[in-house]
2 protein chains.
Amino acid sequence: MFKVAKFGGSSVANAEQFKKVKQIAESDKERKFIVTSACGKESHEDHKVTDLLYLLREHIRYGVSYEEILGMVESKYRRIKDALGLKLDLESEFAEIRSHLDRNVETDYLVSRGEYLTALCLAEYLDAEFVDAADFMAFNYDGSFDFEKIKELFGKRVQTEKKIVIPGFYGFLPNGRIKVMTRGGSDISGAVIANIVGADVYENWTDVSGFLVTDPRIVKDPLTIPFMNYSELREMSYMGANVLHDDAVFPVRMKGIPINIRNTNDPENPGTLILEDCSEYDKISPPHCITGITGKKDFSVLTVIKSHSSTEVGFLKKILTVLEDFNISIECAPITVDTFSVIVQTSAFEGQIYDIIERIKREIRPDEIYVEDGLALIDLVGRGLKSARGVAGSLLSELGRNDVNVKILNTGSDEHSLMVGIDAKDLETGIKCIYNRFILEDEELTRQRSAQK
Amino acid sequence: MFKVAKFGGSSVANAEQFKKVKQIAESDKERKFIVTSACGKESHEDHKVTDLLYLLREHIRYGVSYEEILGMVESKYRRIKDALGLKLDLESEFAEIRSHLDRNVETDYLVSRGEYLTALCLAEYLDAEFVDAADFMAFNYDGSFDFEKIKELFGKRVQTEKKIVIPGFYGFLPNGRIKVMTRGGSDISGAVIANIVGADVYENWTDVSGFLVTDPRIVKDPLTIPFMNYSELREMSYMGANVLHDDAVFPVRMKGIPINIRNTNDPENPGTLILEDCSEYDKISPPHCITGITGKKDFSVLTVIKSHSSTEVGFLKKILTVLEDFNISIECAPITVDTFSVIVQTSAFEGQIYDIIERIKREIRPDEIYVEDGLALIDLVGRGLKSARGVAGSLLSELGRNDVNVKILNTGSDEHSLMVGIDAKDLETGIKCIYNRFILEDEELTRQRSAQK
C-alpha cells in the first residue's frame, strides 16, 4: 500500500508549515512518495517563490538589477534552513543558480528552482531521499509525458526504504533541458508519480479541506463535498472551483486511483475523495441532489432573430462559422424558434464584437441582432440530479421567490448539470438561496430522518 | 513643404540629447511635425524607460513592490526637467499614473507613458504644441490603422503655426483604450503621420548615420549606403539590419514619401535616403553592384535524398507539407536531381526535429535524410547586381581564395540578391573579403576614374 502525498505552496510556506508536513508524512507509513510545490505566501504581503523567480527573469530580460528579488528568494530559504536546523549548503545552491543568470538563462530552468530548493529542504527535514524530477520526469517534445521512460528511470533511481521527496512542476525534454508545466503543475507531477508507482490513493494536501459545495466568499462556511466523481470534478473546475489542476486528473484516472483533497492545516478532516464511481459510498450515505454550486460573472449573450430561420438550411451553421472564425468559444447556446442565442465570456467578444455583428448582418441578414453584457451563470452539478425529479421547477420557483430573474435555463442532456443565466447583480442572492434550499434543507431532512430511526 | 522628424530613444535619452534635438528641429522650418520615442539608455548601465515600464507591469502582476522601478522612471524625467528648466508639473503626471497602478492596470496604457512624458517634455522645450496620440492615432480592432479617422481627427486637433510634438508607439482602439504597437513602433507612428500630412520626406533620427554597407562589428567603419530602394531595405532588414521598424515602410511608401535615416549625434551627415526608385540618383552616382552585405548565423540544413524522386509526383509537396504542419518557415530551398535541401533557422527545428525526420521517413521513405547545424548565410543585396555580370563567379573565387567553403549558392530569380551558405565559423572572414573585393576595390576604381578625368 503506497500513497503519493503532494503538498501545495501554502503547505511549505515557512518552517511552521514544514513541521505540519513532517507530522502528516510521518503519521502514515504508506505516505512513501512526497511531492512538493515551491514555497507559497507566508502572509498576504509575502510572495510566492515562483512569482519571484518569474519576476527575476523579467529583470534579466530588461537588464535591470535582480539582486533584491533574488535576495528575497534566498532569505526565504535561509529562514527555513535556520529555523529547522538544516545542514543543506544553500550558498553552493545559490552560487550554482547565479552562474546561470545571464540574458540567455532558460526561463524554465530558473523558475523550477523553487520546487527544487523546497524539495531539498523538505527531504533533509524528513530524513528522506531527494529525487530530482530532472532525473526521471521525461517529457516528449510535444509536452506530453513519456510514461514508459518515466517509469523506467524512476525505477532505476529509487531503491530505498526511506521516504522519497520529489520537486513538482518540472521535468526534462528529450534534449535534457528543464521544462516546466503550467502554473500549479505540481498537482500533475504528483498524479504522474501516483500513476507510475501504482499508488492506492493520490493525496493532494492544500489549504482547504477539500471541495466546498459553493464559494465561501458568498456562503459563510459552506459544507465540504465528501465524495464526488470525475465528471462533477471536471464541471466544477471548469466553472472556477480552482482546487486541483485540470491536467492532474488524467494520469490517476487512467489507473483508477482516487484523489483525496486534504488540508495541511486541518489534517483530521477527511476532505474530499474523488472517484470514478461514487456509487458504493452513495449506498451508505446518499448524496444531495446537488453536489456543488458554482457561479461566474462576465458573460454576454448574443441573440440573432430571423423569422422563418428555423426552416432555413444552414442558418445555425452560418452563425457558428462566423463565431469560429473569430475564435469564440461558446458556453452554451439556447435555441428557440427563429431565435438563436449564444452565451460567451464577455472578454472573448472584446475588441471584435462590432466586426462579428457586422459579418453576421452581412451573411445572415437577421431581423434583429443584439448583445447583452452583464450576465452571470450559475451551474448546479450533481450525480443526484438524475434521480431527483422536478429540480428545475423547484429551482425556478425558489429563484423567483427571491426576485432573481432567470434569463436562461439550460438543463443539458447529460442529466447531471443544470445551468441558469441571471443578471450579474443577482449572483450572490441566487447562489445563497439555492444553497439554502437544496443543501441546508436537505441536510436538515437527513438529520431528522436519522434522529427518527 | 513639410517634414516629419521622428527621434528615437537614444536621441532623447537625457538633457544633452534634448539639446541636439532642439538644434536639429529649429535648424529647418520644414521640420514641423516631431514624433518622439520614450527616453532610451543614457549609458550602457542605464535602462530604457519602456523596459522599466514593462518591468513595472510585471512587478504589479506578481504583487511585488514597484516603487524602486517607478522611482527610476520618475528620476529620469525629473533630471531632464531640472536640467532644461521646464515648468511641466511632473508630480501631477506621476500622481495620475499612480492612480492606475493596481492589478488591473492596462499594460498598454502603462507602457505608453514613456512616449507620453517624453513628448510633454520635448514640446515644452521646443516651445511646440503637444498633441497626444491618444487624441487621433486611431486603430481598428484588428490592429490596423484607420487612416481616414486619423486624418480627420488630426486635422481638427492641429491648427497652429507652432511645431507639433507627438508621442510615438501608441494610439487608441475604437473603445477608447490605449493600444501600443510592437517595440520600436514610434517608427510606425512617424510614418503614419508623414502619410496623413503628406510630408515631403520622413526623417528618422537615430544614433547611426543611416544604413551601413555591412555590420560594423565585423568590418571597421564600413561605408554608409547613400541611397537604397525599398526592396533592398526589405531584404537587408529581413537579414537583420535593424535600423527601421518593418511596418514603418508601408504608410510612407503608399504615398511615395522618401525615408531619410539620420544621426542625431552627427546631424551634418546626410545619412541614407530610401526611395521607391533610385534611378535618378544612380545616373549621377552609379551604385556599387552590391548595396549591402548582411550575415546571420544559426541556420540548419535538412537534406532529403531519394533516387528517382525527381520523377515522383508529389515528392516535393509531401516534404513541404510536413514542414508546414510543423510550422517551419523556410529560408531557402536548393534542389538538385533527387536531392532536396531546406535551410531554416535552427531554432525553428528545436524540439521537433526528431518528429519531423520521423514523419518524413514514414511518408517519403527517403534513401537518406540528415540535418546539419552551424550554417551561416551571407546575403548580398543590390539593384546593381542586375546589370553586373559574373558577380557569382567572382564571389565564389574570392571566397575560395580566402578558404571559405561555399556549401550553398542561391542566386534568386529577382536578380537583386545573392545568398551563400557557409560554415558559421567562416562568417566574419566571408563578410570581410566580400566587403574588400566588392566595395572597397570598387570605390578605389571609381576614385581613380574621377582622378583621370
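Scope of the values below: all heavy atoms of this structure, side chains included, with no hydrogens, waters or symmetry mates. Note that the structure is predicted; figures quoted are calculated from it, not measured. Order of the sequence lines fixes the chain letters, A, B, ..., with proteins taken first and strands second; residue numbering starts at 1 for each chain.
- Annotation: A:K151, atom NZ; neighbour count of heavy atoms from other residues, nucleotides and ligands within 6.0 Å does not exceed 12.
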Would you list the atom pairs, donor with acceptor, under 3.5 Å between side chains in residues 170-182 of chain B and any protein atom, with sequence neighbours excluded?
unit_1, atom_1, unit_2, atom_2, d
B:Y170, OH, B:D132, OD1, 2.5
B:N175, OD1, B:R177, N, 3.0
B:R177, NE, B:E106, OE2, 3.3
B:R177, NH1, A:E350, OE2, 3.3
B:R177, NH2, A:E350, OE2, 3.3
B:T182, OG1, B:H245, NE2, 2.7

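- Both the backbone and the side chain of B:Y54 come within contact range of chain A, with heavy atoms under 4.5 Å apart.
- Environment of CG in A:D142: crowded, with over 12 heavy atoms of neighbouring residues, nucleotides or ligands closer than 6.0 Å.
- Partners of B:T36 according to the side chain to side chain donor-acceptor pair (under 3.5 Å) rule, which considers only residues two or more places apart in sequence or in another chain, do not exist here.
- For CD of B:E324, the number of neighbouring non-hydrogen atoms (other residues, nucleotides, ligands) closer than 6.0 Å is 12 at most.
- Close approach to chain B, defined as a heavy atom under 4.5 Å from one of its heavy atoms, is seen in A:E58, A:H59, A:Y62, A:G63, A:V64, A:E68, A:I69, A:M72 of residues 57-73 of chain A, taken by number.
- Listed by chain and number, the residues in a salt bridge (charged side-chain N to carboxylate O under 4.0 Å, His left out) with B:K425 are B:D423 (sequence neighbours excluded).
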